[in-house]
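This report refers to the structure that appears directly beneath it.
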Amino acid sequence: MSKRNVNLDGIKNLLLAEIRSNIPMNIKGKSRDVRYILLEVKLNKLQLPQSDLRIKGLNPLTVEWTARNGEIKGETNWWFRYKPWWGLFTDQGHVSFSTKRIGFSVTAVLAGNRIRVRNCSSNPPSVHLKIRGRLWDWIYRLFSKALKKKFRKVIAGSNGLICKSVKSLLNRGGNAVMKLFNNFNG
């Protein structure tokens, strides 16, 4: 069936608002001997992904919305505890993050004035961190690996931040989202 590139400028603020409302304020995690908490996660920038719509069926109208190469930048404060058998280390600081290659694929059915999401998947992004704190670099390398893994888990997958936000946008986006699909259809 047909495929068309989609300009997301009209719903950028809606999508950013959904992502901000779905991101956890505090994220806790553990990796081996490292426990950590990310406090007050803030998003500073959303670069919209390249996006296109493809009609998959006509009765009812079913579309697949795919997006690739989006980026989210943000920052958070952190605290961690590293407890190997030979001691205990705690530290706190600040981390700036950038997640690139964010993408998703969602299938939606348009029935009258309603949009129903059938499924959504999101690929794991690449994660870049800039950690600032008071202790030694070797501990930050341990911490960095755990954080990158946690960021990927929080963002990707059918229940991750991106799919939750896209589903919410489609379910609650109202006129702006319907206009996106109607412009494509007609």
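Sequential numbering from 1 along the given sequence is applied to the chain's residues. No hydrogens, no waters, no symmetry mates; every other heavy atom, side chains included, goes into these values.
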### Message
Any donor-acceptor pair under 3.5 Å linking the side-chain atoms of T90 with those of W79?
### Response
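The criterion, which ignores hydrogens and geometry beyond distance, is not satisfied for T90 and W79.
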Could you pull out the closest heavy-atom pair between [X] and [Y], with the gap in Å?
X: L110; Y: P60; answer: O-CB, 4.0 Å
X: N159; Y: K164; answer: O-CE, 3.0 Å
X: L170; Y: A108; answer: CD1-CB, 4.3 Å
X: H94; Y: N77; answer: ND1-OD1, 3.1 Å
X: C120; Y: S158; answer: O-CB, 3.2 Å
X: S122; Y: A156; answer: O-CB, 3.7 Å

For the atom pair [atom1] ([X]) and [atom2] ([Y]), what is the distance rounded to the nearest 0.5 Å?
X: E40; Y: E75; atom1: CD; atom2: CD; result: 10.5 Å
X: I19; Y: I23; atom1: CD1; atom2: CD1; result: 8.5 Å
X: K167; Y: R116; atom1: NZ; atom2: CZ; result: 14.5 Å
X: L15; Y: S168; atom1: CG; atom2: OG; result: 10.0 Å
X: T76; Y: M25; atom1: OG1; atom2: CE; result: 8.0 Å
X: E18; Y: L46; atom1: CD; atom2: CG; result: 12.0 Å

### Query
Only one of I37, V95, L39 forms a side chain to side chain contact (heavy atoms under 4.5 Å, CB included) with W78, so which one is it?
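Testing W78 for a side chain to side chain contact (heavy atoms under 4.5 Å, CB included) against I37, V95, L39 leaves exactly one candidate, V95.
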Would you indicate whether the side-chain heavy atoms of [Y] and [X] approach each other to under 4.5 Å?
X: I72; Y: I162; result: yes
X: S96; Y: K73; result: no
X: V166; Y: V117; result: no
X: E71; Y: T99; result: no
X: R118; Y: V109; result: yes
X: F97; Y: L43; result: yes
X: I27; Y: F151; result: no

### Query
Any idea how W65 and F104 line up, ring-wise: parallel (<30°), tilted (30 to 60°), or perpendicular (>60°)?
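Geometry flag for F104 against W65: perpendicular rings.
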Any donor-acceptor pair under 3.5 Å from [X] side chain to [Y] backbone:
X: N123; Y: G103; value: yes
X: N69; Y: I102; value: no
X: K150; Y: K30; value: no
X: R152; Y: P125; value: yes

### Message
Run the side-chain contact (heavy atoms from CB on, under 4.5 Å) test on R68 and D52 for me, step by step, so that the C-alpha distance in whole Å, both residues' side-chain angles and the decisive distance to 0.1 Å come before the verdict.
### Response
CA-CA 9 Å; R68 61 212 163 279; D52 56 70; 3.2 Å; yes
### Task
Tell me whether L88 is reachable from W86 by hopping between hydrophobic residues (I, L, V, M, F, W, Y) whose side-chain heavy atoms are closer than 4.5 Å.
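Different clusters: W86 never reaches L88 through Ile, Leu, Val, Met, Phe, Trp or Tyr contacts under 4.5 Å.
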